[in-house]
Amino acid sequence: MIIEEMTADNYAKVCKGVIIRYSFAETLFGRVIVASSLLGVCFLGFCDIQESGLNELKSRFPKNSFEEGADEFQMAALSLLQPGKQGRAEVRLHLKGTSFQLKVWKALLSVPQGSVTTYSQIAQLIGSPKAVRAVGNAVGKNPVSLLIPCHRVICSNGLPGGYHWGADRKKCILEWERKQVEVC
DNA sequence: GCCTATCGTGATG
DNA sequence: CATCACGATAGGC
């Protein structure tokens with residue numbers, strides 16, 4: 001997995017007005033919208049109603065214009081969501097976020113499928129053991145759900161915690177991943 | 001820049 | 001269950 005990182009400042013300079021392509025697809029856990037810039041996938045989120053997904057995309061990238069259509073980046077990302085595929089290397093991500101957020105998101109990538117971590121563990125991993133609350137915030141702003149496994153983070157007391165796309169969906173995904181690992 | 005509200009938290013009583 | 005401190009962000013001014 002290749003990650004193209006960009007802060008808000010950089011993004012404004014480099015990607016102002018650039019067209020972002022988006023398309024919709026079905027996954028095991030619901031309909032998703034996937035979007036990509038010239039550099040890679042920049043957004044992936046669940047959307048039971050297509051319009052709401054599109055609205056969320058637009059609000060995250062207010063300075064861009066949009067056009068419906070699929071491309072290689074999107075296809076590669078989507079193939080990761082299908083069972084049995086492990087070709088994680090060929091996927092390109094284009095992430096816009098603060099340096100803190102980027103650190104958190106990269107830390108999430110080290111959480112293997114089928115296991116979970118906690119907000120405080122992530123905080124320690126990135127060297128700010130006290131910044132638990134902030135970690136929760138950053139995790140919740142993950143623009144590419146599933147690709148960056150933000151759903152594998154739970155509360156340290158064992159409760160599932162929240163999920164941007166619905167707590168029940170989070171449980172559902174975790175359950176499915178747990179079973180996948182058993183099979184292997 | 002400062003002030004404030006807002007979190008996908010965690011610890012305490 | 002109520003409350004508080006925590007760190008980072010976004011938005012209003």
Side-chain angles (χ1 to χ4, degrees), chain A residues 1 3-18 20 27-35 37 41-49 52-64 66 77 80-81 93-178:
Chain A
M1 171 132 39
I3 301 182
E4 196 70 43
E5 306 174 19
M6 219 167 259
T7 62
D9 285 349
N10 262 335
Y11 191 89
K13 282 179 201 157
V14 179
C15 296
K16 188 173 78 175
V18 165
I20 289 179
T27 72
L28 287 169
F29 311 108
R31 198 164 188 69
V32 295
I33 179 174
V34 52
S37 69
V41 171
C42 57
F43 182 71
L44 191 155
F46 293 101
C47 59
D48 296 323
I49 328 170
S52 68
L54 190 51
N55 283 339
E56 173 146 12
L57 172 65
K58 286 180 177 171
S59 68
R60 289 207 192 215
F61 301 94
K63 301 284 188 188
N64 292 87
F66 303 88
L80 273 192
L81 309 184
L93 261 39
H94 180 195
L95 301 181
K96 180 180 73 160
T98 65
S99 59
F100 182 84
Q101 288 167 339
L102 291 166
K103 262 196 292 188
V104 171
W105 296 337
K106 280 187 291 188
L108 288 181
L109 290 174
S110 67
V111 183
Q113 186 180 50
S115 70
V116 292
T117 185
T118 66
Y119 295 99
S120 48
Q121 278 180 42
I122 295 289
Q124 292 181 24
L125 204 55
I126 64 175
S128 319
K130 294 171 312 232
V132 232
R133 197 74 177 81
V135 166
N137 240 327
V139 170
K141 296 218 172 105
N142 168 31
V144 281
S145 48
L146 298 173
L147 299 179
I148 289 180
C150 58
H151 52 275
R152 291 181 202 148
V153 191
I154 61 175
C155 293
S156 56
N157 59 15
L159 290 176
Y163 192 47
H164 190 66
W165 314 102
D168 49 343
R169 177 135 44 196
K170 180 177 187 172
K171 281 185 289 186
C172 186
I173 298 171
L174 287 173
E175 176 70 10
W176 181 83
E177 288 191 335
R178 201 178 52 71

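A note on names: the letters A, B, ... follow the listed sequences, proteins ahead of strands, and every chain is numbered from 1.
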Item checked: Close approaches to DNA chain B from residues 157-171 of chain A, in residue order (heavy atom, under 4.0 Å) -> A:Gly162, A:Tyr163, A:His164, A:Lys170

Check: Which residues pass the side-chain contact (heavy atoms from CB on, under 4.5 Å) test with A:Ile20, sequence neighbours left out?
Finding: A:Tyr11, A:Ala35, A:Cys42, A:Phe61, A:Asn64, A:Phe66

Next item on the list: Name all residues meeting the side-chain contact (heavy atoms from CB on, under 4.5 Å) criterion together with A:Ile49; count only those two or more places apart in sequence or in a different chain, and write none if there are none.
Entry: A:Ser52

Next item on the list: Measure across A:Pro112 and A:Ser110 and return the closest heavy-atom pair with its distance rounded to 0.1 Å.
Entry: CD-O, 3.3 Å

Note to self: Rounded to whole Å, how long is the line connecting atom NZ of A:Lys103 with atom P of C:dG7?
What the structure shows: 14 Å

Which protein N or O atoms sit under 3.5 Å from an N or O of nucleotides 11-13 of chain B?
none

Scan nucleotides 8-13 of chain C against the protein and return all N/O pairs shorter than 3.5 Å with their distances rounded to 0.1 Å.
from: C:dT9; atom 1: OP1; to: A:Thr98; atom 2: OG1; distance (Å): 2.2

Next item on the list: With sequence neighbours left out, write down each residue that passes side-chain contact (heavy atoms from CB on, under 4.5 Å) with A:Asn10, or none if nothing qualifies.
Entry: A:Met6, A:Thr7

Check: What nucleic acid atoms does A:Val139 come within less than 4.0 Å of, heavy atoms only: base, sugar-phosphate, or nothing?
Finding: base

Check: How is A:Val153 classified with respect to the nucleic acid when contacts are heavy atoms under 4.0 Å: base, sugar-phosphate, or nothing?
Finding: base

Check: Which heavy atom of A:Cys15 sits nearest a heavy atom of A:His94, and at what distance?
Finding: SG-CE1, 3.9 Å

Next item on the list: Among residues two or more places apart or on two chains, list those pairs meeting side chain to side chain donor-acceptor pair (under 3.5 Å) that have a residue in residues 134-147 of chain A.
Entry: none

Under 3.5 Å, which donor-acceptor pairs link side chains of residues 122-133 of chain A to any protein atom two or more places apart or in another chain?
none

Margin query: Under 3.5 Å, is there any donor-acceptor pair linking the side chain of A:Tyr119 to the base of B:dG8?
Written below: yes

Check: Which heavy atom in A:Gly97 sits nearest to a heavy atom in A:Leu102, and how many Å separate them?
Finding: O-CD1, 3.7 Å

Notebook entry, point to check: Would you say the side-chain atoms of A:Lys170 pair up with the backbone N or O of A:Gly162, donor to acceptor, closer than 3.5 Å?
Noted result: yes

Note to self: How many whole angstroms separate atom CD of A:Gln124 from atom P of C:dG7?
What the structure shows: 15 Å

Checklist line | Side chains of A:Leu44 and A:Leu81 in contact at under 4.5 Å (non-hydrogen atoms) | finding: yes

Mind listing the N/O atom pairs, protein and nucleotides 1-5 of chain B, below 3.5 Å?
none

Notebook entry, point to check: By side-chain contact (heavy atoms from CB on, under 4.5 Å), which residues pair with A:Arg169, not counting sequence neighbours?
Noted result: A:Phe29, A:Phe46, A:Asp48, A:Tyr163, A:Trp165, A:Ile173

Check: In whole angstroms, how far is the P atom of B:dT9 from the CD atom of A:Gln121?
Finding: 16 Å

Margin query: Between A:Pro149 and A:Leu109, is there a side-chain heavy-atom distance shorter than 4.5 Å?
Written below: yes

Check: Can you list the steps and then say if A:Val135 with A:Val153 is a side chain to side chain contact (heavy atoms under 4.5 Å, CB included)?
Finding: CA-CA 10 Å; A:Val135 166; A:Val153 191; 5.8 Å; no

Next item on the list: Give DNA chain C the dot-bracket treatment, 5' to 3': Watson-Crick (N1-N3 with N6-O4 or O6-N4) or G-U (N1-O2, O6-N3) under 3.5 Å, [ ] crossing, | other strand.
Entry: |||||.|||||||

Check: Under 4.0 Å between a side-chain N/O of A:Arg133 and OP1 or OP2 of B:dT9, yes or no?
Finding: yes

Item checked: side chain to side chain donor-acceptor pair (under 3.5 Å) partners of A:Glu56, counting only residues at least two apart -> A:Arg60, A:His164

Next item on the list: Report the distance from atom CD1 of A:Ile122 to atom P of B:dG10, rounded to the nearest whole Å.
Entry: 11 Å

Note to self: Any heavy-atom pair between the side chains of A:Arg152 and A:Leu108 that's under 4.5 Å?
What the structure shows: no

Note to self: Are the side chains of A:Phe43 and A:Lys96 in contact, using a 4.5 Å heavy-atom criterion?
What the structure shows: no

